[in-house]
Amino acid sequence: MADDKKLTTRAADFSAWYNETVLKAELADYSPVRGCMVIRPNGYGIWERMQRALDDKFKATGHQNAYFPLFIPESFLQKEAEHVEGFAPETAVVTHGGGKKLEEPLIVRPTSETIIYHMFAKWTQSYRDLPILMNQWANVVRWEMRTRLFLRTTEFLWQEGHTAHVTHDEAEEETRRMLGVYRDFMEGWMAMPVITGQKTNAERFAGALRTYSCEAMMQDNKALQAGTSHNLGQNFSKAFDLKFQAEHGGTEFAWNTSWGVSTRLVGGLVMTHGDDNGLRTPPLLAPIELVIVPIYRTDEERSVVLEAAHRIQKSLSDWERRDIARIRVHVDARDGMKPGAKYYEWELRGIPLRLEIGPRDLLKNEAVLVRRDTRAKTPVSLDTLGEEVAEMLSRVQREMLEAARERLDASTVRERISYDQFRQLMEGPGGFVYAGWCEGAECEAQIKEETKATIRVLPDEEFRSADAPATCLKCGKPATAEAVWAKAY
RNA sequence: CGGGGCGUAGCGUAGCCCGGUAGCGCGCCUGCUUCGGGAGCAGGAGGUCGCUGGUUCAAAUCCAGUCGCCCCGACCA
């Protein structure tokens, strides 16, 4: 019976642990439609907080939200050669509407470059109309063969930023800027450290000049591509005739960028921070930051304790911190459920802090504050509760990032290892391996074939090893780049 | 699409080999006692055994087909 309630441990079966955590924490559930999931309030609440934080960052960097249609004329997809090759196999196509066969089938957007740059073309005449800096929050559909809750679903929610610029350099700057925004969000809000860098041609977005990525490491030492930012060059502007009159005469094609993160991030959050008791949510993204669990025996105690609990909730909700944000507090007043049962439930859901308060505490004008991440208990005075909780929340946020970073470092190999050692590592514990690469597509493909590992990124300068690797991991010829290898989701 | 597994109450499952009135745990409802780490007792509700067809006096069980889901691979955010 007690075993029913326990999660499969991460060590026993990481994949089973992940699924059970998502289901039991009620983040999401399987839907009647194959490959599609229902995001339940606990999961959607996290996504909403992600959206809010990201949206603020997009606005702060000059972007505006807009919305483009779900349906895209099939012919649009055909206009950019690489793009159609990349996406056509996984599109859902609408052939009928209102009981009639459509003149031209409509694809359900797998991404919106085509329709958005078509519209940008319509709105752009002069260099004075640029840059265009837009973002949309939307759902997209990709007919994946194999799906997993949050990580890869047929339909998923995301944001896609799309911009148009006068010069290549300006577009490149935008591409890098948004990658930085993602990284700031992932580290600052999700407490999920990432490495950033450029994708190889094999891993590049279909239709892009260059793709940059934030790669995070999950607790099974596999990589998760958490967000990408693409410099699209003039590929789409040429395909969609997105031209403008240049400042000094003549007509030029615009330079585009696109960048996106999705509900996959929720899965990344689970696999970064979850433990064998369930989810751990960093405070900044937790829909509830602190749950108060009242403890009582008699009806009289119940009313006294609950009254205190609600009083505390009110004062903490008024507690000013981080300028406008207030502490999100919930009182678990459910009757007929023992405190212990409530502890387990809130731990499973990953609520960062719990305040236990009973008659004995009230006599001492105290309560017991419990951290979800470490499960450490601290008695706190009710007089200074606001300060203590606010301080604890920022400490938890900080320490969760530190713990995740230590884990990333611990499973990162920078020493020069042989290909055999590399192979064994990928068959066994996994992790990120920094190694030399001759930049040959052959070596990249062979390593993937033989080990399932791929080049996650050619790391940005700050991540590169102090002494650049001299030879290619695979062929042993002189290395022209350093690459980060890992198995990935 | 290849390989593996599974469909029996809301969830998890036993029963299937060897056909004969569908059982258990959790959860749910009611009441009482409980409540500082997953409560106890008593009573109760809940099932066309995925679907279709066949064999049989009789099918959850045997046979054929079919649908769906999960896991592992190739594809991908």
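Residue numbers start from 1 in every chain, and the chains themselves are labelled A, B, ... in the order their sequence lines are given, proteins ahead of strands. Values below: all heavy atoms of this structure, side chains included; hydrogens, waters and symmetry mates excluded.
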For residues 359-367 of chain A, tabulate all N or O donor-acceptor pairs below 3.5 Å that involve a side-chain atom, not counting sequence neighbours.
unit_1, atom_1, unit_2, atom_2, d
A:Asp361, OD2, A:Gly358, N, 2.9
A:Asn365, ND2, A:Asp383, OD1, 3.1
A:Asn365, ND2, A:Asp383, OD2, 3.2

query = Taking side chain as C-beta onward, heavy atoms only, is A:Met271 less than 4.5 Å from A:Gln219?
reply = no
When you measure from the side chain of [X] to the backbone of [Y], do you find a donor-acceptor pair of N or O atoms at a distance under 3.5 Å?
X        : Y        : value
A:Glu301 : A:Arg297 : yes
A:Thr454 : A:Arg456 : no
A:Glu215 : A:Ala226 : no
A:Lys222 : A:Ala486 : no

Does a salt bridge link [X] with [Y], judged by any charged N lying under 4.0 Å from a carboxylate O?
X        : Y        : result
A:Arg372 : A:Glu347 : no
A:Arg176 : A:Glu172 : no
A:Glu399 : A:Arg371 : yes

What contact category does [X] fall into here, base, sugar-phosphate, or nothing, at under 4.0 angstrom with non-hydrogen atoms?
X        : value
A:Glu347 : base
A:Thr153 : base
A:Val368 : base
A:Arg334 : nothing
A:Thr228 : nothing
A:Pro89  : nothing
A:Arg360 : base
A:Gly260 : nothing
A:Phe156 : base
A:Ser15  : sugar-phosphate

query = Is a donor-acceptor contact shorter than 3.5 angstrom present between the side chain of A:Glu301 and the base of B:G36?
reply = no
note = Per nearest nucleotide of RNA chain B, the residue lying toward the 5' end, A:Gly35 or A:Gln225, is A:Gly35
key: Residue closer to the 5' end of RNA chain B, A:Tyr344 versus A:Ala226 (nearest nucleotide)   = A:Tyr344
Below 3.5 Å between N/O atoms, which protein atoms pair up with nucleotides 33-35 of chain B? Just atom names and distances, please.
unit_1, atom_1, unit_2, atom_2, d
B:C35, O2', A:Tyr296, O, 2.9
B:C35, N4, A:Arg297, O, 2.8

inquiry  = Hydrogens and angles aside, do A:Asn277 and A:Tyr343 bring a side-chain donor and acceptor to less than 3.5 Å of each other?
reply    = no
Gap in Å between the two [atom1] atoms, one belonging to [N] and one to [M], rounded:
N     : M     : atom1 : result
B:U61 : B:G23 : C1'   : 15 Å
B:G46 : B:C28 : C1'   : 9 Å
B:U55 : B:G10 : C1'   : 35 Å
B:G25 : B:U21 : C1'   : 23 Å
B:U56 : B:G19 : C1'   : 9 Å
B:G44 : B:C49 : P     : 25 Å
B:G50 : B:A22 : P     : 15 Å

key: Distance below 4.0 Å between A:Asn19 side-chain N/O and B:C70 OP1 or OP2   = no
inquiry  = Please list all pairs meeting side-chain hydrogen bond (donor to acceptor under 3.5 Å, both in side chains) that have one or both residues in residues 83-94 of chain A, counting only residues at least two apart or in different chains.
reply    = none
I'd like a table of atom pairs between the protein and nucleotides 74-76 of chain B - only N or O on both sides, under 3.5 Å - with the distance next to each one.
unit_1, atom_1, unit_2, atom_2, d
B:A74, OP1, A:Lys452, NZ, 3.2
B:C75, O2, A:Glu144, OE1, 3.4
B:C76, O2', A:Glu144, OE2, 2.8
B:C76, O2, A:Arg152, NE, 2.4
B:C76, N3, A:Arg152, NE, 3.0
B:C76, N3, A:Arg152, NH2, 2.9

query = Between A:Trp158 and A:Phe156, how do the two ring planes meet: parallel, tilted or perpendicular, split at 30° and 60°?
reply = perpendicular
ask   = Can you give the dot-bracket line for RNA chain B, where a pair is Watson-Crick or G-U wobble with both atom distances under 3.5 Å, crossing pairs use [ ], and | marks a partner on another strand?
value = ((((((((.[[[[.)....(..]]]].((((((.....)))))).....[[[[[..)....]]]]])))))))....
Set of ring-ring contact (aromatic ring centres under 6.0 Å, His included) partners for A:Phe58, sequence neighbours left out = A:Trp259
